[in-house]
Every structure is written in structure tokens, then in C-alpha cells.
Amino acid sequence: MAGTLTYLSDSSLPAGSLVRVPLGQRELLGVVWDAPVENAGADLAARSALDPSKLRPIAAVLDALAPLSANWRTLIGFAASYYQRSAGEVALAALPPQLRDLSSMQLARRLKKKAAAASNASASSASSTKTSTLATDEAPLANTDSAKKTTDLVALTQEQTRAIATFDTQPGPFLLFGATGSGKTEVFMRCTADLLASSDTTQALVMVPEINLTPQLEERFKARFCADYGEDAVVSMHSGMTPAQRLKSWLGAHSGAARIVLGTRMAVFASMPNLKLIIVDEEHDPSYKSHEGARYSARDLAVYRGRLEGAKVMLGSATPSLESWYHSRPAAEGGRYMRLEMPSRVGKNAVLPLVRRVDMNHQPKGCVISPPLLSAMAERIARGEQSMVFLNRRGYAPVLSCSDCDWKSNCPHCSAYRVFHKIDRSLRCHHCGFAERVPRACPDCGSLDIAPVGRGTERLEEQLALLLSGITRADGSAVRIARIDADTTRLKGSLESQLAQVHAGEVDVLVGTQMIAKGHDFRRITLVAAINPDGALFSSDFRSPERLFGLLMQAAGRAGRDASNTSRSEMWVQTYHPTHPLYEALKQHDYPAFAASQLVEREQAGMPPFSFQALVRADARTQEAAQAFLNAASLASDQSAELTPWRSHVMLYPAVPMSIQRVANVERAQMLVESPSRKALQRFLSIWQATLHATRAQPECKGLLRWAIDVDPLLI
Ligand code: ADP
Ligand code: ZN
Ligand code: ZN
């Protein structure tokens with residue numbers, strides 16, 4: 001493995017052992033790595049050539065911890081090579097930072113505490129099984145306990161039953177294609193329950209795209225599993241945890257005491273010695289792709305890891321990624337995933353919301369909320385129901401402009417506007433963070449006539465308050481409007497408390513960004529409105545229709561989740577293109593039709609999933625240097641004999657500026673690399689890496705700051 005370092009050790013250490021090693025003046029966490037098999041001889045020769053007197057000894061062995069498994073090491077090795085990074089970088093990012101800081105003794109103490117807690121839990125669950133067995137033998141009274149357990153569980157729908165039966169008998173991987181509110185989470189929990197019951201040691205990994213969604217899921221899983229398996233059986237892993245919490249969860253997973261790990265993308269690397277099930281909820285969500293360091297896709301690694309570990313994998317979504325959808329076509333057509341379908345919502349009256357398009361060409365000019373939408377909202381308010389209005393832009397207005405001289409609130413450091421935030425009267429750049437107080441007058445001409453252009457959620461909230469000011473609730477009190485976006489949820493716990501208010505019915509109209517459109521199980525919302533979604537129809541990014549459709553379907557899915565509500569819920573879309581095929585498919589809730597049309601387009605254009613892509617991104621002091629670097633590396637690839645076998649299968653496009661070309665005074669360029677063959681692309685990239693490194697030294701690349709490869713990029 002490239003990039004390993006050699007140290008001396010008194011005793012022979014098994015691969016996977018965690019160690020602390022000196023590097024320069026520092027002491028780092030290390031993992032004893034496997035000697036590469038294919039050139040073990042050469043490696044041995046290289047090693048014996050090393051002068052032992054020059055090697056430094058390992059500082060400490062964390063022998064309180066079991067070594068990381070061979071499967072874990074293979075996973076790390078694969079991720080590193082696939083995403084073109086070093087194994088050390090991937091491995092260390094996957095381990096909790098606190099492992100570095102604790103002494104072996106401290107670790108041993110924590111593990112002992114864990115073991116004691118685990119044995120307590122299993123002792124109590126063992127004794128409870130025993131009592132109930134005894135009881136069933138002896139007296140009819142005994143049934144109360146088990147009867148209570150079964151009534152706790154809902155009766156599965158036919159669709160759920162069928163999905164689980166197929167899951168039980170087939171190897172997978174599976175794509176659970178279930179409408180919003182079809183009971184996917186219930187299926188996940190049943191599959192997990194069956195797995196945990198099948199043996200005392202099996203572990204399940206359940207992934208969600210966003211930290212925001214973990215508390216709700218955690219609550220549901222804890223409620224279901226902690227009574228039977230103990231408080232420590234369910235742990236979370238996400239970046240919002242303190243280092244101490246992360247270490248605790250990691251140790252739980254690594255020791256096997258945690259039977260269920262819930263987490264965001266980082267959890268795909270959790271060390272789980274008995275992993276037998278991996279669930280990826282909302283598998284289409286872009287948050288599964290990391291956008292720094294090793295730019296891995298946790299969803300794709302989950303599928304790889306499942307195969308590696310012999311664990312079943314279930315991806316779930318109401319709007320799958322086109323990649324997963326394509327993989328789940330019938331096996332006869334080459335599909336590799338098994339599709340499980342749950343098209344209906346749970347509950348007798350639960351139907352998907354009615355989609356209504358408002359043709360904005362026929363509405364009063366400049367209106368934000370069209371009159372019909374406004375009156376539909378007023379009706380809900382009168383009935384005591386909630387509405388949700390979303391707009392994918394936070395702040396008050398995306399730009400401030402002078403009507404006299406055309407000055408605009410550009411960010412001096414980025415090729416982007418600074419957003420006007422009225423609440424603290426600031427202009428803030430959402431790319432570099434640069435913030436200033438709003439000027440009183442135009443900085444260029446001194447005119448006082450500077451005004452916000454366009455609208456974000458902050459302004460929408462203000463305008464709604466105005467529009468609804470004449471309307472009262474059934475009890476005569478004023479309409480209550482709340483806003484949830486990245487600005488209102490900066491403080492820890494604020495999102496939870498705001499969501500709690502919505503759930504408690506203390507809000508009539510909820511305004512927000514896509515943050516509120518995803519995943520939340522709102523019970524009282526019967527109207528959802530997208531104010532201005534058209535932009536994504538005409539974006540240059542070929543994935544943007546897919547994202548828009550997914551977002552609108554998700555948003556629609558927030559409405560009418562309570563089957564006891566008698567009125568049919570509605571999803572409103574304000575658009576200037578009401579007959580656009582995307583909105584037609586949305587109206588029918590017809591993801592398959594939308595996906596089919598997108599796949600035809602992608603196939604014709606030779607785009608993923610019909611081709612494989614990578615982006616090389618370069619940051620430099622000047623745009624010229626960034627592009628020169630990429631173009632020089634491209635040219636060099638034509639001249640490399642080593643690359644010849646792969647070069648003809650790979651298409652390199654010319655370097656172009658990124659869509660936001662300058663951020664924080666750094667110029668950014670990118671080059672698209674594409675191939676119909678994943679293997680050819682992989683081989684090409686791994687060899688081309690050396691060329692990229694070498695190109696850096698060329699004189700025309702002076703000013704290059706850094707470059708990185710993004711394999712299977714999501715944003716082009
Ligand atoms: P999804 O994840 O597909 O959006 P959920 O699993 O959150 O759907 O289920 C939606 C709602 O329906 C939840 O409140 C859940 O408790 C409930 N539910 C799920 N399955 C059943 C069932 N078989 N019977 C009754 N209610 C169910
Ligand atoms: Zn001006
Ligand atoms: Zn900026």
C-alpha cells in the first residue's frame with residue numbers, strides 16, 4: 001500500500017492494531033497495515049534495505065482495543081484507491097479523533113465500563129426471557145407480557161409484508177422504492193429487529209443523509225430496541241457530536257456492544273465486527289457524497305461494504321437516484337439491485353396530495369404568493385390546519401442594488417453577490433462568509449435609493465405576515481408564522497425546539513428552505529407550496545431536474561401524513577412553465593415516468609449512469625494558472641506510454657472556470673474526465689495522479705494552490 005511508514009516494534013503486531021507513532025515532533029494515531037501481497041518480495045527487499053538503526057520505534061500500542069478487522073481495512077483500502085486518496089487519510093478520518101489523545105489505560109477503563117454495562121443489559125434481558133418462558137409454561141397470565149409486546153407493533157400493510165418477505169429470502173442489494181408515508185421506516189425497523197433476534201452478536205448500520213434527521217430516527221429506534229437490548233444497543237454517529245460522544249459511540253460499535261449504529265455518511269466507516277445489515281435511507285440525497293478530503297459516496301460504499309462483509313444492503317427512497325433506479329431495473333435487463341415497491345401511503349384515507357400548478361403568467365405582476373394560493377392558505381388557517389411554504393434561498397434578498405448607478409452588493413472576494421440579511425442589517429457572502437453592515441447609501445454614487453432585489457425566506461416570512469394580517473384563526477387570534485432555515489437554527493437545539501412548536505400545533509404557516517422539505521414527519525400540514533422552483537429547470541447541471549423533482553416529491557410528502565384528516569392535502573407549485581414535463585410527472589406522482597424520460601436523455605447524451613465521470617479541480621491565484629495546470633496535465637496524458645492502454649477509452653474535456661469561479665480570492669477551474677468504462681476511468685486516474693503531481697512543478701502552473709480529484713461528482 002502506497003504511503004505506509006515503517007516503524008520498529010518489540011513484539012509482532014497483527015494487522016489492524018491501533019498504535020501511536022512518532023512523526024517529526026508529533027505523535028500520531030496509526031494503524032498497522034497489511035503488507036501488500038502482490039509485491040511482498042519487493043517490499044521485503046525494500047524493508048531489509050531500510051537501516052533499522054534509522055527506524056523509530058512505535059510509541060505505544062492501544063492493545064486494549066481489538067485490531068480493526070481485515071474487512072474494515074479492505075474497505076478503507078478500496079475507498080482510498082477508488083476516490084484517489086491515500087489510505088492513511090481515509091483511515092484517520094474514519095476514526096474518532098479522541099483515540100489519539102487517550103492513553104491505553106484510559107481506553108481500557110472505558111471499555112471495562114462498557115463491557116459491564118453490556119453484560120448488565122444482556123443479563124436483564126436474559127432474565128426477562130427466562131421469566132416469560134417460565135410464565136408461559138405455567139400460567140395463562142403470562143401472555144399479558146408478550147401480548148403487550150405485539151400490540152406495541154403496528155400490523156404491517158400488505159405492501160410492507162411483501163417487501164419484507166422478499167428481503168428475507170433474497171440476497172439483495174435492495175432498493176426499497178416506497179412513496180413518502182408508505183412506511184419505509186417501519187420496514188427498516190422490522191428488518192433490523194429480525195436481524196438482531198437471529199443471533200446475539202449481529203449488528204446493523206442505518207444511515208440518514210442529514211444530522212437534522214438523526215434525532216427523530218434515533219428516538220424511533222431507541223423506543224423500539226432499547227427495552228430489549230439495553231440503552232447502549234443503539235448509538236449515533238455524526239459530525240454534530242462532541243469528540244467524547246463520538247469516541248463512546250465508536251467504542252460501542254467496535255466492541256460489538258452497540259447492535260445498531262445510526263449515522264450520517266461518516267458512519268459507513270464505523271468499525272462493526274458483526275455487521276450484517278446496512279440501510280441507507282433517502283439514498284438519493286446528495287449529502288451522502290462528501291465534498292472534501294476523500295470525496296466518497298457513502299451510499300456507494302455501503303453497497304461495496306455489504307458485498308465485502310456479507311451484509312444485506314437496503315437503499316430506500318421515494319425518489320431514488322437515477323443511478324440506483326437504473327441498477328434496480330429487471331435482472332433480465334442487467335439490473336443488479338432488487339426493487340421492492342410500496343406505492344401506497346399507510347392508512348385508509350391516506351392518499352398522496354393533489355398537485356396544483358399555478359400559472360404565474362396569469363397572476364398579478366410581481367405577486368409573491370398568488371391570490372388562489374393565498375386563499376387556499378387562509379382556508380387551512382380557518383380550519384386549524386398547517387401550511388408549509390418553501391423557497392430555496394435564505395436571507396432577505398439575494399442582492400442589494402442601486403437604482404441610480406446599477407451598483408450591486410458583490411462580494412469583493414468572490415464572484416458572487418452578498419446576500420442581504422435584514423435581521424442584523426448585514427450583507428453576507430454565503431461562499432466565503434465575508435459580512436459587513438448594509439451601507440446607508442450607495443458606495444459608488446452616494447444615492448440613497450438602494451433596494452433589495454429578489455427574495456429569500458426572511459423576506460418571504462415578512463411578506464406573508466403582511467398578506468395574512470387581515471386573516472384570523474378560528475378562535476379570533478392572529479396567524480402564527482414561523483421560519484426554519486440555516487439562519488434560524490444556528491444555535492444548538494434551536495431546530496429541535498422549532499420543530500417541536502410545529503408538531504405541537506403552535507404554528508399555522510411554516511416558511512423555510514429545503515431543510516423543512518426533507519424527512520420530517522409533520523402530522524398537521526395539509527398544504528405545501530413551492531414558491532419559485534423554476535430556476536432548476538434550466539440549470540446547466542444535468543442533475544438539477546433530478547434534484548428538483550426529488551425535492552418537490554419530498555416536500556409534497558410532508559403534507560397529509562395524518563390519515564385521520566378528512567380533507568385532501570395539496571401541493572402547490574407556482575411556475576411560469578406549468579406544462580413542463582417535470583411538473584406533469586409531479587402531478588401524477590409518477591417517479592418512474594420522470595426517471596424513464598431522464599434516463600433516455602442521459603443515454604442519448606452519454607451521461608451517467610451510462611458513463612462514468614471524474615472532475616479534477618484546481619485552485620490557484622489566477623484563473624490562468626488553474627486552467628494551465630489542468631490543460632498541461634491533460635496534454636501530458638497523451639504523451640505517457642503508461643497511460644496509452646487507457647487513454648483512448650477516456651475523454652478529457654478542456655479546463656473551464658467553475659460556475660462560481662472565485663471564492664475567497666481563490667480562482668477555481670475544473671476539468672471533466674469521462675469514460676464509458678468505470679475500470680478504464682479508474683486505471684487512468686490512478687496512473688494519471690503521478691502526472692498531475694509532476695505537472696505542478698511546471699512554470700506556467702506557478703500560483704497553483706491545490707488540486708483534487710472528485711470521482712463520481714454530483715455537481716458539475
Ligand atoms: P416513510 O418512511 O415511508 O415516509 P414512515 O415509516 O415514516 O414512512 O411511516 C409513516 C407513518 O405511518 C408513521 O407515522 C408510521 O408510524 C406509520 N406506519 C408505518 N407503518 C404502519 C402500519 N403498518 N400501520 C399503521 N401505521 C404505520
Ligand atoms: Zn449607486
Ligand atoms: Zn465571498
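Order of appearance sets the numbers: ligands from 1, and atoms from 1 within every ligand.
- Listed by number with element, the atoms of ligand 1 under 4.0 angstrom from any heavy atom of Thr157 are 23 (N).
- With respect to Glu219 and Arg224, no salt bridge is recorded, no charged nitrogen being found less than 4.0 Å from a carboxylate O.
- For a threshold of 3.5 Å applied to N or O pairs, the pair formed by Thr185 and ligand 1 contains at least one separation below that value.
- Near Glu186, meaning under 4.0 Å from any of its heavy atoms, are these atoms of ligand 1: 6 (O), 19 (C), 20 (N).
- Taking every non-hydrogen atom of Leu156 and a distance limit under 4.0 Å, the qualifying atoms of ligand 1 come out as 23 (N).
- Remark: at the Zn ion (ligand 2), atom SG from Cys442 and atom SG from Cys445 enclose 110°, rounded to the nearest 10 degrees.
- When ring centroids are compared, Phe177 and Tyr591 come within the 6.0 Å threshold.
- In this structure, Leu705 and Arg621 approach most closely via the heavy-atom pair CD2-NH2, 3.8 Å.
- Seen from the Zn ion (ligand 3), atom SG on Cys429 and atom SG on Cys432 lie at an angle near 110° (rounded to 10 degrees).
- A heavy-atom separation below 4.0 Å is found between Gly181 and ligand 1.
- Looking at Arg190, Arg220, Met189 and measuring to atom 15 (C) of ligand 1, the nearest heavy atom belongs to Arg220.
- By the criterion of a heavy-atom distance under 4.0 Å, the backbone of Ala155, and not its side chain, is placed next to ligand 1.
- Counting heavy atoms under 4.0 Å from ligand 1, residue Val346 touches it through the side chain alone.
- Only the side chain of Gln160 comes within 4.0 Å of ligand 1, counting heavy atoms alone; its backbone N, CA, C and O stay farther away.
- By the 6.0 Å contact criterion, CZ on Arg329 is enclosed, its count of non-hydrogen atoms from other residues, nucleotides or ligands being greater than 12.
- Between Glu283 and Arg299 a salt bridge is recorded (basic side-chain N to carboxylate O distance below 4.0 Å).
- Put simply, OH on Tyr288 and CG on Asp300 are 12.0 Å apart, with the number rounded to the nearest 0.5 Å.
- Ion pairing between Glu436 and Arg418 holds under the 4.0 Å rule for side-chain N and carboxylate O.
- Within the structure, ligand 1 lacks Gln158 among the residues with a heavy atom less than 4.0 angstrom away.
- Within the 2.8 Å limit, Cys414 places at least one N, O or S atom next to the Zn ion (ligand 3).
- For CE of Met515, the number of neighbouring non-hydrogen atoms (other residues, nucleotides, ligands) closer than 6.0 Å is greater than 12.
- In this structure, Lys312 is not positioned above the aromatic face of Phe174 in the sense of NZ or CZ being under 6.0 Å from the six-membered ring centre and within 45° of the axis.
- For Cys402 atom SG and Cys405 atom SG, the angle they make at the Zn ion (ligand 2) is roughly 110°, to 10 degrees.
- Across the listed options Gly183, Ser317, Ala179, Ser182, Gly183 owns the non-hydrogen atom lying nearest to atom 9 (O) of ligand 1.
- For Arg394, the side chain to side chain contact (heavy atoms under 4.5 Å, CB included) partners two or more places apart in sequence, or in a different chain, are His421, His430, Thr457, Asp485, Ala486, Asp487, Arg490, Thr513.
- Not a single N/O/S atom of His431, whether from backbone or side chain, sits less than 2.8 Å from the Zn ion (ligand 3).
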